[in-house]
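Protein chains get the first letters and strands the later ones, always in sequence-line order, with residue 1 at the start of each. Owing to the predicted nature of the structure, the values given are computational and were not obtained by experimental measurement. Note that these values count all heavy atoms, side chains included, but never hydrogens, waters or copies made by symmetry.
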Number of protein chains: 2
Amino acid sequence: MKVSREQVALNRQRIVETAARLFREKGYDGIGVADLMKSAGLTHGGFYGHFDSKEDLLAEATAHALKKSVERWEGYAAKGGDAALTTIGGNYLSAEHRDHPELGCSVTTLGADISRLGAKARHALTEGACGQMAVLEKLMPGEDAADKRKQALATYAAMVGAIMLARAVDDEALSLEILQAVRQSLADPLG
Amino acid sequence: MKVSREQVALNRQRIVETAARLFREKGYDGIGVADLMKSAGLTHGGFYGHFDSKEDLLAEATAHALKKSVERWEGYAAKGGDAALTTIGGNYLSAEHRDHPELGCSVTTLGADISRLGAKARHALTEGACGQMAVLEKLMPGEDAADKRKQALATYAAMVGAIMLARAVDDEALSLEILQAVRQSLADPLG
DNA sequence: ATTATCTATAGATCTATAGATAATGC
DNA sequence: ATTATCTATAGATCTATAGATAATGC
């Protein structure tokens, strides 16, 4: 049952990607190691050859998902200025993002779980959030660096909160209204 | 082992209050019915005389916690205008609130869990969030009602996101910076 | 007599580990 | 020979229920 080194690396990567999807979809406690491994096409017992614990996998999966997200944001940021900010905000604050937590920002889906978990997962989230905030910071209008920084943090918080709220409320109209309100505050920071 | 009707009502209330605290502290999956009942001074089996399921208790606990929060906000709102907004924002966006999730806003602690759960819990959260947003709406500066509404939703999203982020990141300076950035954007909406 | 709570347990999970198996890679 | 994955299981949970117990309230 041994497989090639290449296959081992592929299997490990597949576990991380499967976990990144399933943890975001179901929450950290919503998916077990056995089901997760099954989704990755492997058996339960094989897991502990790759990772020390379920929590370690969460940290890697979170790092992986957020790294991809930051790369995407950096791609949009290449446009520069208002267009980039509108693109990032439009994608993030969309019904599409709201309806696909399994592919979306890990901070919104796993932030509360991770704040109760260990150092590794919290560090992965912190690195990812810092990456996203750094992209926003460069795109903020204005001259003063401290102002841009503050605006970036406040904007990021609003984006994260909006997606979480939009997913939690049971009123579709309100959900869309929240997304739109933050999208608009982003395009038009002067209220 | 039967108790008086009065005591039954007290026991039920005690379960709800204990649950409101423990669910916020540990997350929905982080505390079991048996431990929860133990915390409330009762035994496991007695639970199902009071509630149909753990999820029903979550809905009641969330409704209870958010109702209290809305009442507190309405108290601050009696001051009116900027002072009220500053008080609400100052309390919400504090290290104290960040460090005491068990007493804090249920949306930040349970929003992600509840978005994956049933109709009752989502409705309780929605009612609570609407109550908080309604308070903010009245306090927003400006004349245009639609603008005030949008500002209230965007502000609320930023507050919720800020607390979740402030709890999740592993960097105390960054955590405080996020809280301060949103507090400032609240006091000074023109950036 | 009714019933709120108790003890005890069913049945289904969960994470993690032990030891067997079989294919890679020296 | 080494080792990645497999099957099987330990031991600890979890939600929910069944039936016993004992105090209330008719």
Side-chain angles (χ1 to χ4, degrees), chain A residues 1-20 22-62 110 113-114 116-121, chain B residues 1-20 22-62 110 113-114 116-121:
Chain A
M1 305 248 168
K2 189 180 173 185
V3 300
S4 72
R5 293 194 172 176
E6 192 182 26
Q7 188 60 47
V8 171
L10 286 172
N11 286 348
R12 188 191 158 94
Q13 187 56 23
R14 196 179 166 86
I15 295 168
V16 171
E17 281 168 8
T18 303
L22 289 174
F23 283 142
R24 281 180 284 180
E25 182 182 338
K26 297 167 186 292
Y28 179 67
D29 290 314
I31 181 77
V33 172
D35 285 343
L36 206 151
M37 288 294 278
K38 198 173 183 179
S39 273
L42 296 162
T43 56
H44 183 184
F47 178 80
Y48 294 91
H50 289 287
F51 304 94
D52 282 350
S53 68
K54 187 187 178 189
E55 210 176 307
D56 275 9
L57 173 62
L58 174 67
E60 272 208 45
T62 301
L110 296 168
D113 282 346
I114 285 175
R116 299 182 197 106
L117 293 170
K120 283 185 188 173
Chain B
M1 306 246 168
K2 190 180 173 183
V3 299
S4 72
R5 292 194 173 177
E6 194 181 25
Q7 189 60 49
V8 172
L10 286 173
N11 286 348
R12 187 191 159 95
Q13 187 56 24
R14 197 180 164 85
I15 296 168
V16 170
E17 280 166 10
T18 304
L22 290 173
F23 283 143
R24 280 180 285 181
E25 183 181 338
K26 297 166 186 291
Y28 178 68
D29 291 314
I31 181 76
V33 172
D35 285 341
L36 206 150
M37 288 294 279
K38 197 172 185 179
S39 273
L42 295 162
T43 56
H44 182 184
F47 178 80
Y48 294 91
H50 289 287
F51 304 95
D52 282 350
S53 68
K54 186 187 179 188
E55 210 176 306
D56 274 10
L57 173 63
L58 174 67
E60 272 209 46
T62 302
L110 295 168
D113 282 347
I114 285 176
R116 300 181 196 106
L117 293 168
K120 284 184 188 173

Taking it one step at a time, do A:L58 and A:D113 satisfy side-chain contact (heavy atoms from CB on, under 4.5 Å)? CA-CA 10 Å; A:L58 174 67; A:D113 282 346; 5.7 Å; no

In the structure I gave you, are the side-chain heavy atoms of B:M37 and B:I15 within less than 4.5 Å of one another anywhere? yes

If you take all heavy atoms of B:R24 and A:R116, which pair is closest and at what distance? O-NH2, 3.9 Å

Neighbours of DNA chain C within residues 40-49 of chain B, by heavy-atom distance under 4.0 Å: B:L42, B:T43, B:G45, B:G46

Terminal helix-axis angle for the helix from C:dA1-D:dT24 to C:dT24-D:dA1, with five pairs defining each axis and rounding to 10 degrees: 0°

If you measure from CD on B:Q7 to NZ on B:K2, what distance do you get to the nearest 0.5 Å? 13.5 Å

Which atoms form the tightest heavy-atom contact between B:A40 and B:T18, and what is the distance? CB-OG1, 3.7 Å

Would a 4.5 Å heavy-atom cut-off, applied to side chains only, mark B:T62 and B:Y28 as touching? no

Correct closest heavy-atom pair for B:L57 and B:L36 would be CD2-CD2, 3.9 Å

With side-chain hydrogen bond (donor to acceptor under 3.5 Å, both in side chains) as the rule and sequence neighbours excluded, what pairs involving residues 44-57 of chain A come up? A:D56-A:K120

For residues 6-20 of chain B, which residues have at least one heavy atom under 4.0 Å from DNA chain C? B:V8, B:N11

What residues from residues 52-61 of chain B pass a heavy-atom cutoff of under 4.0 Å to DNA chain D? B:S53, B:K54

Contact boundaries of DNA chain C with chain B (under 4.0 Å, heavy atoms), 5' to 3'? C:dT2 to C:dT7

5′-ward residue of the pair B:S4/B:G30 relative to DNA chain D: B:G30

For the atom pair CG (A:L22) and CD (A:E17), what is the distance rounded to the nearest 0.5 Å? 12.0 Å

Can you tell me how far apart CG (B:L10) and CZ (B:R5) are? Round to the nearest 0.5 Å. 14.5 Å

In terms of heavy-atom contacts, B:L110 and B:F23 come closest through CD2-O, 3.4 Å

